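Taking it in order: structure first as structure tokens, then the write-up.
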There are 2 protein chains.
Amino acid sequence: MKKDSRLSSVLHALLHMAEREGPVTSEELAVCMHTNPVVVRRTMGLLRDAGLVVSARGSGGGWQIMADLEQVTLRQLHETLGEPAIFAIGNRNETPQCLVEQSVNAALDDAFAEAEALLLERFSRITLAELAAEFQRRHAAYRQGQA
Amino acid sequence: MKKDSRLSSVLHALLHMAEREGPVTSEELAVCMHTNPVVVRRTMGLLRDAGLVVSARGSGGGWQIMADLEQVTLRQLHETLGEPAIFAIGNRNETPQCLVEQSVNAALDDAFAEAEALLLERFSRITLAELAAEFQRRHAAYRQGQA
DNA sequence: CCGAATCGTAATAATCGAAGTTACATGAAA
DNA sequence: TTTCATGTAACTTCGATTATTACGATTCGG
């Protein structure tokens, strides 16, 4: 199964946008993410529908963050992307007649539900502002190393 | 991403085998799992290589459990299947030059690592014997409901 | 020994969702 | 009105699991 990397993508894009004044075009974001402007629009469009960013057409247009970086969490972004499946492992049949399979499903579902709850809890505690701050630390450390 | 359901499958198969005396053929397992005998052989072959089951060819042949149900954990089975990827969500690029992307990856990797650790910990605490017991409870409750 | 039963395995196709691409319409600004 | 940029539909490509076909290798029974 090919992994869904949209969460990673939008975080990358949002942080770049946060580092810049004024709108950033899909083309610019696409270059920095090594992808295609249409893919950027498709994914960013979901964030726009959720009010997290705005887009402007025409010359001088592009994407800008509307939300407060302190308020936007990874969990919120995950939800905005439509809550894609988190796990690449699952039950063979979600509604089996077989009692054996029902027992197996119940045990696996429990374990996965717990892991998912932990992950979403962590996601809800990480904000864009924190990621931006982490980037600033790395950036400072990098310049230190360069000097 | 299509989910890997082999863990679910082998659990289902192993519990059916545990309920029976003597070998069970790939054909029988395939029927009960709504799949193909070749798929059964392919997956069970991994368990055989790990010594958890044995296979016998020819008339009267089939699959039999060799391991102690009390000792075999879900984690062990997951490992036997080659430790397939647990998550359907991942980083766009695992080794980015971009410091922004590195920061994003670090945060996501941390969260996923923690969730994975929890899941594997739970897997290591669930044995085949416990699943078999859970099935017996469901079976008894079902017969109760029928009577 | 022969033949049916059964596993072993390679090769190939079907499937499913994310990602990439092409094409063109829409709207804003110079 | 030309240019820039998004909006979006349609289609292709890609990656991974699962399904299917085909055939070879063993084992048991008569």
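Order of the sequence lines sets the chain letters (A, B, ...), proteins ahead of strands, with each chain counted from 1. Only a predicted model underlies this, so the values are computations on that prediction, with no experimental measurement involved.
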Requested in this report: Could you tell me the separation between the CG atom of Leu15(B) and the CG atom of Leu131(B), rounded to the nearest 0.5 Å?
Outcome: 5.5 Å

Query raised in the report: Less than 4.0 Å between a side-chain N and a carboxylate O, is that true for Glu94(B) and Lys3(A)?
Result: no

Requested in this report: Return the set of residues passing side chain to side chain contact (heavy atoms under 4.5 Å, CB included) with Glu27(B) (not counting sequence neighbours), or none when no residue passes.
Outcome: Thr25(B), Val31(B), Pro37(B)

Requested in this report: Please list, in 5' to 3' order, the outermost nucleotides of DNA chain C lying under 4.0 Å from any heavy atom of chain A.
Outcome: dA18(C) to dA29(C)

Query raised in the report: Arg48(A) has an atom CZ; how far is it from atom C1' of dT6(D), in whole Å?
Result: 8 Å

**Report entry** Glu101(A) versus Pro96(A), closest heavy-atom pair with distance
**Finding:** OE1-CB, 3.5 Å

Requested in this report: May I ask you to decide if Met33(B)'s main-chain N or O and Arg92(A)'s side chain share a donor-acceptor pair within less than 3.5 Å?
Outcome: yes

Requested in this report: Return the residues of residues 49-64 of chain B meeting this criterion: a heavy atom under 4.0 Å from some atom of DNA chain D. Order them by number, or give none.
Outcome: Arg57(B), Gly58(B), Ser59(B)

**Report entry** Atom-pair distance (CG on Leu46(A); P on dG7(D)), nearest Å
**Finding:** 11 Å

Query raised in the report: Where does the angle between the aromatic ring planes of His12(A) and His16(A) fall among parallel (under 30°), tilted (30 to 60°) and perpendicular (over 60°)?
Result: tilted

**Report entry** Co-membership, hydrophobic cluster, residues Val72(A) and Leu69(A), 4.5 Å side-chain
**Finding:** yes

Report summary line: Atom CG of Leu7(B) and atom P of dT18(D) are separated, to the nearest Å, by 11 Å

Query raised in the report: Whole-Å distance between dG7(D) P and Leu47(A) CG?
Result: 12 Å

Query raised in the report: To the nearest 0.5 Å, how far apart are CD1 in Ile65(A) and CG in Leu47(A)?
Result: 9.5 Å

Requested in this report: May I ask you to check whether Glu134(A) and Gln102(B) show a side-chain donor-acceptor distance below 3.5 Å?
Outcome: no

Requested in this report: Spell out, as yes or no, whether a donor-acceptor pair under 3.5 Å connects the side chain of Thr73(A) to the backbone of Gln76(A).
Outcome: yes

Report summary line: The reported gap from CD in Glu116(A) to CZ in Phe87(B) (rounded to nearest 0.5 angstrom) is 10.0 Å

Requested in this report: Would you check if the side chain of Asn91(B) reaches a backbone N or O of Ser8(A) as a donor-acceptor pair within less than 3.5 Å?
Outcome: no

Query raised in the report: What distance do Leu14(B) atom CG and Met44(B) atom CE have between them, rounded to the nearest 0.5 Å?
Result: 5.0 Å

Requested in this report: For DNA chain C, find the residues of residues 28-45 of chain B with a heavy-atom distance under 4.0 Å and give them by number; none if there aren't any.
Outcome: Val38(B), Arg41(B), Arg42(B)

**Report entry** Glu114(B) side-chain N/O to Ala111(B) backbone N/O, donor-acceptor pair under 3.5 Å
**Finding:** no

Query raised in the report: Between CG of Leu77(B) and CG of Leu128(B), what distance do you get to the nearest 0.5 Å?
Result: 5.5 Å

Query raised in the report: Which of residues 98-111 of chain A sit near DNA chain D, with a heavy atom under 4.0 Å from it?
Result: none

Report task. For the helix from dC1(C)-dG30(D) to dA30(C)-dT1(D), measure the angle between the helix axis at one end and the axis at the other, each built from five pairs, rounding to 10°. Result -> 10°

Requested in this report: Would you mind reading off the distance between Arg6(B) atom CZ and dT18(D) atom C1', rounded to a whole angstrom?
Outcome: 10 Å

Report summary line: When rounded to the nearest 0.5 Å, the distance separating CG of Asn93(B) from CG of Asn105(B) is 7.0 Å

Requested in this report: Let me know, please, whether Val24(A) or Ser9(B) comes out on the 5' side of the other along DNA chain D by nearest nucleotide.
Outcome: Val24(A)

